[in-house]
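Written out below as structure tokens is the structure these notes cover.
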Amino acid sequence: MKLYEKYPIHLSNSLSGEKEKFESITPGFVGMYVCGPTVYNYVHLGNARTFLTFDTISRYFRFLEYKVRYVRNITDVGHLEGDVDEGEDKIGKKARLEQLEPMEIVKRYTEDFHSVMRQFNILPPSIEPSATGHIVEQINITKKLIDLGLAYEVNGSVYFDVKKYNQSHHYGILSGRNIEDLMESGRDLDSQDEKREKIDFALWKKASPQHIMRWPSPWGEGFPGWHIECTVMSTKYLGETFDLHGGGMDLKFPHHECEIAQATGANGKTPVKYWIHSNMLTVNGQKMSKSLGNSFLPSELFSGSHALLQKGYSPMTVRFFMLQSHYSSTLDFSNDALNAAEKGFKKISNSLSFIKKMTQPISSLKSQLSSNGLDLTNNMERMIKSCYETMSDDFNTAKLIATLFEMSSTINRIKDGVLFTDQIDTATFNDFKSTYIGMMEEVLGLKEETGGNNDLLDGTINVLINLRKKVRTDKNFALSDKIRDDLKAIGIQLKDGKDGEMSYEIES
RNA sequence: GGUCUCGUGGCCGAGUGGCUAGGCUGAGCUCUGCAAAAGCUCCUACAGCGGUUCGAAUCCGCUCGAGACCUCCA
């Protein structure tokens with residue numbers, strides 16, 4: 001029996017608006033697609049939260065023994081600024097402003113993106129396709145939509161005919177809108193004479209003479225519209241219908257709505273079984289966004305150089321902080337919350353290093369335990385189960401962390417000699433250990449931060465520790481305190497254990 | 001204006017129709033030569049007003065407040 005059968009996942013499907021049991025299209029396999037960044041600028045923290053969410057989700061699928069194909073694209077063309085005829089794509093605009101080749105822009109910000117992902121310990125997706133690598137496919141699907149009568153060409157640009165599509169399908173199915181309201185409430189923009197209706201959206205745009213990024217097409221030189229690349233890349237690598245599509249809440253409309261319309265129109269079937277939208281990161285209650293100018297760069301957060309921050313926080317602290325809330329809730333960003341997260345993370349992280357070293361010298365069987373031992377064993381089994389059940393319930397990382405704190409407390413009591421390993425059933429002990437480590441490192445992606453630790457430093461500190469042990473046995477406390485205080489002054493905290501053993505911790 | 005979400009203790013944040021999440025902070029205690037760490041104990045909340053119910057913070061309605069989307073955004 002696979003773990004995913006033992007702990008079936010239930011998730012909130014934004015398409016139905018309900019929590020549903022997850023059943024993959026092909027048993028044992030999961031195909032997921034997440035809208036990646038448009039690489040025209042540095043990724044900010046809000047972006048990172050989305051990728052962190054889906055990183056954790058894909059990690060958990062794998063942890064439950066699913067085989068996962070995770071596709072996350074790089075949008076390196078075609079993102080229009082304003083839905084107007086003069087619409088210019090973001091990469092091209094930035095290139096013009098910075099006087100660089102578009103590919104220089106793409107390269108620079110893609111590398112920044114990857115470096116941020118690495119710092120947060122966000123695993124690379126299985127496939128990371130780029131929009132410019134799929135121009136041919138985008139042209140093909142556009143042709144197909146024209147042939148099917150769902151798109152029309154005007155002056156070298158091609159638009160999706162939403163009204164036509166809506167005759168046989170529901171445009172607005174994902175975001176809960178109807179086309180009449182959209183046609184009424186949408187803002188009147190100038191120069192959209194080309195479009196039959198203002199809700200129509202571009203599949204292909206004609207390039208003006210000064211536009212840098214351009215490709216030949218049946219409709220002349222131009223570039224693809226924003227929504228089409230995701231449809232093309234998800235279909236190409238995951239099929240016409242796949243399990244899960246994710247992205248930030250702000251992409252729900254119009255981006256994902258348009259994806260559904262294009263794919264359904266072209267292939268005649270619903271492209272995605274489950275949609276997941278992660279919520280926004282807020283600063284003082286307001287959405288963090290580039291346009292509002294309240295966004296943080298990850299590097300500013302790590303170094304503490306942002307004006308709103310008192311100090312810097314490590315990538316793992318930030319990762320932990322974000323995982324403490326549910327992905328579907330907004331999460332507010334503040335110094336107090338970050339400080340609390342830093343301490344909390346340190347706590348469960350310490351327990352992680354303890355339990356890694358922890359062994360059970362004498363094995364025990366459940367049937368031979370005292371009643372206290374049995375209670376302890378049962379309690380540990382409850383916590384193990386809770387970890388899985390909690391994550392299988394819509395990826396509730398916040399609740400998982402609560403359980404990990406509980407487990408951490410058990411670990412510390414064993415360490416302090418309040419509880420004893422010989423009172424624990426051996427199978428349970430091993431399961432407890434591997435669950436704690438697995439949930440921390442593999443599922444939540446939290447790794448211990450060693451603070452630039454290395455063998456040389458470790459050896460050096462151990463020399464001092466041994467010296468101090470000697471001095472302490474001689475009751476030369478003045479000197480022993482000096483060793484500890486001096487190390488503390490340079491950021492190394494010594495801790496005296498009960499048994500005379502000493503450990504140290506490097507403070508960030 | 002339309003659509004929708006949310007309002008939980010000093011702070012951050014889960015969650016459920018009845019069985020006090022968790023973390024941080026604060027107070028006290030224990031262990032330590034002293035620290036640090038850890039353990040134990042205490043601080044019992046769910047915007048307001050109605051309704052449904054044996055019972056609601058959890059369901060329904062209204063009021064107030066905050067936010068998101070409708071236009072580029074993860």
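Here the structure is a predicted model, which is why all the values come from computation and not from measurement. Just the heavy atoms: all of them, side chains too, but no hydrogens, waters or symmetry mates, feed the values below. In what follows, chains carry the letters A, B, and so on, assigned in the order in which the sequence lines appear, proteins first and then strands, with residues in each chain numbered from 1.
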Seminar exercise, completed: salt bridge (charged side-chain N to carboxylate O under 4.0 Å, His left out) filter on A/K482, not counting sequence neighbours, yields A/D486

My understanding is that only residues two or more places apart in sequence, or in another chain, count here; which of them pass ring-ring contact (aromatic ring centres under 6.0 Å, His included) with [X]?
X: A/Y7; value: A/Y388
X: A/H255; value: A/W226, A/H227
X: A/Y70; value: none
X: A/F429; value: none

NA contact type, [X], heavy-atom cut-off 4.0 Å: base, sugar-phosphate, or nothing?
X: A/T282; answer: nothing
X: A/K287; answer: base
X: A/R413; answer: sugar-phosphate
X: A/L292; answer: nothing
X: A/M249; answer: nothing

Exercise. Which pairs pass side-chain hydrogen bond (donor to acceptor under 3.5 Å, both in side chains) with one or both residues in residues 115-126 of chain A, sequence neighbours excluded?
Worked result: none

For this session: Can you sort out the partners of A/P37 under side-chain contact (heavy atoms from CB on, under 4.5 Å), two or more places apart, ordered by chain and number?
Result: A/V39, A/V43, A/F51, A/I74, A/F113

Problem set entry | Pairing residues for A/K21 by the side-chain contact (heavy atoms from CB on, under 4.5 Å) criterion, not counting sequence neighbours | A/P8, A/H10, A/E23

Identify the pairs formed between an N or O of the protein and an N or O of nucleotides 9-13 of chain B at a distance under 3.5 Å, and give each distance.
| residue | atom | partner | partner atom | Å |
| --- | --- | --- | --- | --- |
| B/G13 | OP1 | A/D332 | N | 3.1 |
| B/G13 | O2' | A/Q324 | O | 3.4 |

Problem set entry | Within the 6.0 Å centroid threshold, strictly below: A/F296 and A/H306 | yes

Is there a side-chain polar atom (N or O) of [X] under 4.0 Å from OP1 or OP2 of [N]?
X: A/K346; N: B/C24; answer: no
X: A/K290; N: B/A74; answer: yes
X: A/K399; N: B/G22; answer: no
X: A/N412; N: B/A37; answer: no
X: A/N339; N: B/C24; answer: no

Exercise. Have A/S16 and A/E20 got a donor and an acceptor in their side chains that come within less than 3.5 Å?
Worked result: yes

Exercise. Which pairs count as salt bridge (charged side-chain N to carboxylate O under 4.0 Å, His left out) when at least one residue sits in residues 382-397 of chain A, sequence neighbours excluded?
Worked result: A/K19-A/D393, A/R382-A/E406, A/K385-A/E389

List, with names and distances, any nitrogen or oxygen atoms from the protein found under 3.5 Å away from nitrogen or oxygen atoms belonging to nucleotides 26-33 of chain B.
| residue | atom | partner | partner atom | Å |
| --- | --- | --- | --- | --- |
| B/G33 | N7 | A/R472 | NH1 | 3.3 |
| B/G33 | O6 | A/R472 | NH1 | 3.3 |
| B/G33 | O6 | A/S480 | OG | 3.2 |
| B/G33 | N1 | A/D481 | OD1 | 2.9 |
| B/G33 | N2 | A/D481 | OD2 | 2.7 |

Exercise. Mind pulling the stems RNA chain B is in, i.e. runs of at least three Watson-Crick or G-U pairs, everything under 3.5 Å?
Worked result: B:1-7 with B:64-70, B:10-12 with B:22-24, B:26-30 with B:38-42, B:47-51 with B:59-63

